[in-house]
Amino acid sequence: MAEAEIKIGQVDDVQELHRAGLETVPERYIRGGDDRPGGDNVCALAHIPVIDVGELTRDDELNKLKLACEEWGFFQVVNHGIEDELLDEMEELTREFFMLPLEEKEKYPMAPGGIQGYGHAFVFSEDQKLDWCNMLALGVEPAFIRQPKLWPTTPAKFKETLERYSAEIRGLCRRLLAHIAETLGLAPGTFGDMFGEAVQAVRMNFYPPCPRPELVLGLSAHSDGSAVTVLQQDMSCAGLQVLKDGAWVPVHPIPHALVINLGDSLEVLTNGRYKSVEHRAVTNSEQDRLSLVTFYAPAYDVELGPLPEFVTDEVPCRYRRFNHGEYSRHYVTSRLEGKKTLEFAKIDQTTTTAPEEPCSCI
């Protein structure tokens with residue numbers, strides 16, 4: 001989308017709304033009844049699986065990972081090899097950034113319809129409902145996706161620490177993908193070899209307290225366009241929720257654990273054996289919440305389609321072959337709306353007519 005074509009209307013900074021002491025929220029943030037976070041479809045007692053990365057050389061832990069991928073598409077990892085001190089430092093610096101005066105943060109503006117910088121992402125119209133969240137989103141790897149002018153120079157150690165943090169997260173993504181390949185009966189290097197110079201981006205989300213949390217969403221329900229996503233959340237409250245069997249399951253923070261979810265790319269490659277999962281963020285009236293999210297995806301020039309191991313007479317090809325850069329452009333120019341973006345790749349199983357771009361397994 002060309003920037004000139006996008007009119008997003010009045011988009012308030014939610015931290016400034018909170019500081020103003022409002023007792024209600026602007027109309028653009030108020031959701032319709034079915035889209036509100038309350039109700040009977042929240043399963044507060046369930047917990048997503050926890051995987052010990054250091055034990056994944058053992059068959060029993062690897063099987064736990066397989067079940068987590070099959071049944072949840074979400075899990076937390078402990079003993080992941082990233083130092084607690086680095087996680088704490090990155091979280092602290094991110095919080096310092098969000099606590100800066102608005103005029104300082106606005107030096108790194110997210111353009112209308114853009115996905116990098118400070119502001120609101122995935123907003124494409126003047127009447128679109130908004131999320132109760134401020135974001136700082138940055139491209140990390142490869143170098144050509146970076147926009148250096150959008151990397152904050154305050155706090156002073158922000159850039160240096162984000163570089164170290166991102167390198168560690170990148171290594172973790174590679175290790176996890178190797179183990180995920182093993183759970184599928186594939187060679188450990190399958191995804192690493194296929195993905196080329198993988199794309200990595202980070203998005204930092206800040207959710208201030210909301211006077212009417214039952215009316216708003218911190219982040220709309222969606223699946224990720226990545227292969228895997230790594231989320232670090234602070235210990236304030238369980239704001240992240242995962243859709244499981246029609247109910248929303250809160251993801252309760254574990255100190256220094258990281259939350260992992262499978263993205264659309266893995267759903268396509270496994271022909272739906274492993275699925276990306278809808279998730280959302282909710283707010284509360286008392287506490288703010290901070291999360292740091294890293295998206296790890298195939299290089300833009302990689303062609304994706306179901307691997308031949310997962311296409312059989314019983315399980316026909318469900319997704320067409322496509323260029324990942326093409327899908328990425330489609331994803332970032334679409335509003336967050338469940339798993340709707342993945343319809344881009346799906347083959348209509350009700351028709352016998354061959355799709356325009358037939359399934360051609362990698």
Side-chain angles (χ1 to χ4, degrees), residues 15 47-58 61 65 68 74-100 104-105 108 118 133-141 143 146 148 150-180 192 198-208 224 226 228-240 250-261 281 287-296:
Q15 285 176 264
H47 293 266
I48 69 171
V50 178
I51 304 297
D52 186 328
V53 179
E55 296 293 322
L56 282 173
T57 54
R58 294 173 41 186
E61 198 69 18
L65 175 61
F74 258 84
F75 49 93
Q76 299 203 60
V77 293
V78 296
N79 194 18
H80 44 63
I82 301 177
E83 293 183 354
D84 293 352
E85 292 77 12
L86 179 58
L87 298 177
D88 291 341
E89 184 178 6
M90 192 69 248
E91 181 181 317
E92 181 180 339
L93 289 168
T94 302
R95 181 171 289 277
E96 283 184 33
F97 171 80
F98 281 109
M99 293 300 108
L100 291 172
E104 179 66 27
K105 293 181 286 189
Y108 315 100
Y118 175 77
C133 175
N134 287 337
M135 297 179 177
L136 174 66
L138 302 169
V140 178
E141 297 289 349
R146 292 194 181 201
L150 297 178
W151 284 56
T153 56
T154 305
K157 289 187 177 181
F158 183 91
K159 181 178 183 297
E160 167 200 335
T161 306
L162 181 57
E163 295 275 17
R164 289 191 291 119
Y165 177 84
S166 295
E168 291 291 325
I169 296 290
R170 193 173 184 85
L172 175 62
C173 289
R174 289 169 171 163
R175 295 196 302 276
L176 288 173
L177 282 167
H179 290 302
I180 289 170
V199 174
Q200 184 175 345
V202 62
R203 190 178 72 218
M204 302 160 192
N205 305 312
F206 187 83
Y207 307 93
D224 292 339
S226 58
V228 291
T229 299
V230 180
L231 178 140
Q232 177 183 345
Q233 57 180 341
D234 68 13
M235 293 297 295
S236 63
C237 55
L240 173 64
V251 179
H252 300 277
I254 297 172
H256 298 117
L258 296 169
V259 181
I260 311 297
N261 65 278
Q287 294 178 295
D288 62 41
R289 177 173 171 268
L290 178 72
S291 67
L292 295 84
V293 188
T294 298
F295 305 96
Y296 187 87

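Sequential numbering from 1 along the given sequence is applied to the chain's residues.
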**OP:** Only counting residues at least two apart or in another chain, list the ones meeting side chain to side chain donor-acceptor pair (under 3.5 Å) with Asp224.
**Re:** His222, Thr229, Asn261, His279
**OP:** List in chain and number order the residues that pass side chain to side chain donor-acceptor pair (under 3.5 Å) with His179, two or more places apart in sequence or in another chain; answer none if no residue qualifies.
**Re:** Glu182
**OP:** Mind checking the CD-NZ spacing from Glu96 to Lys157? Nearest 0.5 Å is all I need.
**Re:** 10.5 Å
Subject >> Test item: Val230 and Cys173 side chains (from C-beta on) under 4.5 Å apart, heavy atoms >> reply: yes
**OP:** Test side chain to side chain contact (heavy atoms under 4.5 Å, CB included) on Phe206 and Ser291 and set out the steps.
**Re:** CA-CA 7 Å; Phe206 187 83; Ser291 67; over 6 Å; no
Subject >> Ile82/Tyr165 under side chain to side chain contact (heavy atoms under 4.5 Å, CB included): CA gap, chis, key distance, verdict >> reply: CA-CA 9 Å; Ile82 301 177; Tyr165 177 84; 5.6 Å; no
Original post:
Rounded to the nearest 0.5 Å, how far apart are CZ of Phe158 and CH2 of Trp151?
Top reply: 7.5 Å
Subject >> Non-hydrogen atoms of Val53 and Asn79 that approach each other most closely >> reply: CB-O, 3.6 Å
Original post:
In chain order, what residues pass the side chain to side chain donor-acceptor pair (under 3.5 Å) check against Glu168, with sequence neighbours excluded?
Top reply: none
Subject >> Separation of Arg170 CZ from Gln200 CD (nearest 0.5 Å) >> reply: 5.0 Å
Original post:
Which pairs, with at least one residue in residues 84-93 and sequence neighbours excluded, count as a salt bridge (charged side-chain N to carboxylate O under 4.0 Å, His left out)?
Top reply: Glu89-Arg164
Original post:
For the atom pair CG (Leu93) and CD (Glu160), what is the distance rounded to the nearest 0.5 Å?
Top reply: 9.0 Å
Original post:
Counting distance only, does the side-chain N/O of Arg289 pair as donor-acceptor with the main-chain N or O of Gln233 below 3.5 Å?
Top reply: no
**OP:** Might you point out which heavy atoms bring Cys133 and Asn205 nearest each other, and give the distance in Å?
**Re:** SG-CB, 3.8 Å
Subject >> Heavy-atom donor-acceptor pair, Gln232 side chain to Leu87 backbone, under 3.5 Å >> reply: yes
Subject >> Step-by-step salt bridge (charged side-chain N to carboxylate O under 4.0 Å, His left out) determination, Glu55 to Arg58 >> reply: CA-CA 6 Å; Glu55 296 293 322; Arg58 294 173 41 186; 3.0 Å; yes
Subject >> Backbone of Met90 reached by a side-chain donor or acceptor of Arg95 within 3.5 Å >> reply: no
Original post:
So do the side chains of Tyr118 and Phe97 get within less than 4.5 Å of each other, counting heavy atoms only?
Top reply: yes
Original post:
Which heavy-atom pair separates Gln287 from Ser236 by the least distance, and what is that distance?
Top reply: OE1-O, 3.0 Å
Original post:
Does Ile260 reach the side chain of Phe74, with side-chain heavy atoms less than 4.5 Å apart?
Top reply: no
**OP:** Please tell me if the side chains of Pro152 and Leu136 come closer than 4.5 Å, counting only heavy atoms from C-beta onward.
**Re:** yes
Original post:
If you take all heavy atoms of Phe98 and Asn134, which pair is closest and at what distance?
Top reply: CE2-O, 3.7 Å
Subject >> Distance in Å, Leu231 CG paired with Arg203 CZ, rounded so as to fall on 0.5 Å steps >> reply: 9.0 Å
Original post:
Where do Thr154 and Leu100 come nearest, in terms of heavy atoms and distance?
Top reply: O-CD1, 3.7 Å
Subject >> Straight-line distance of Asp234 CG to Leu290 CG, nearest 0.5 Å >> reply: 5.5 Å
Original post:
Is there side-chain contact between Met204 and Val293, with heavy atoms separated by less than 4.5 Å?
Top reply: no
**OP:** Please step through side chain to side chain contact (heavy atoms under 4.5 Å, CB included) for the pair Thr161 and Leu86, ending with a clear verdict.
**Re:** CA-CA 8 Å; Thr161 306; Leu86 179 58; 4.1 Å; yes
**OP:** Please test Leu162 against Leu138 for side chain to side chain contact (heavy atoms under 4.5 Å, CB included), starting from the C-alpha separation and ending with a verdict.
**Re:** CA-CA 10 Å; Leu162 181 57; Leu138 302 169; 3.7 Å; yes
Subject >> Atom of Pro250, atom of Ala238 and distance for their closest heavy-atom approach >> reply: CB-CB, 4.1 Å
Original post:
Residues two or more places apart in sequence or in another chain: which of them pass salt bridge (charged side-chain N to carboxylate O under 4.0 Å, His left out) with Glu104?
Top reply: Lys107
Subject >> Set of salt bridge (charged side-chain N to carboxylate O under 4.0 Å, His left out) partners for Glu141, sequence neighbours left out >> reply: Arg146
Original post:
Going by heavy atoms in the side chains, are Val228 and Ile180 under 4.5 Å from each other?
Top reply: yes
**OP:** Using a 4.5 Å cut-off on heavy atoms from C-beta on, say whether the side chain of Leu172 contacts that of Leu258.
**Re:** yes
**OP:** Taking the side chain as every heavy atom from C-beta outward, state whether Lys159 and Thr153 have any atom pair closer than 4.5 Å.
**Re:** no
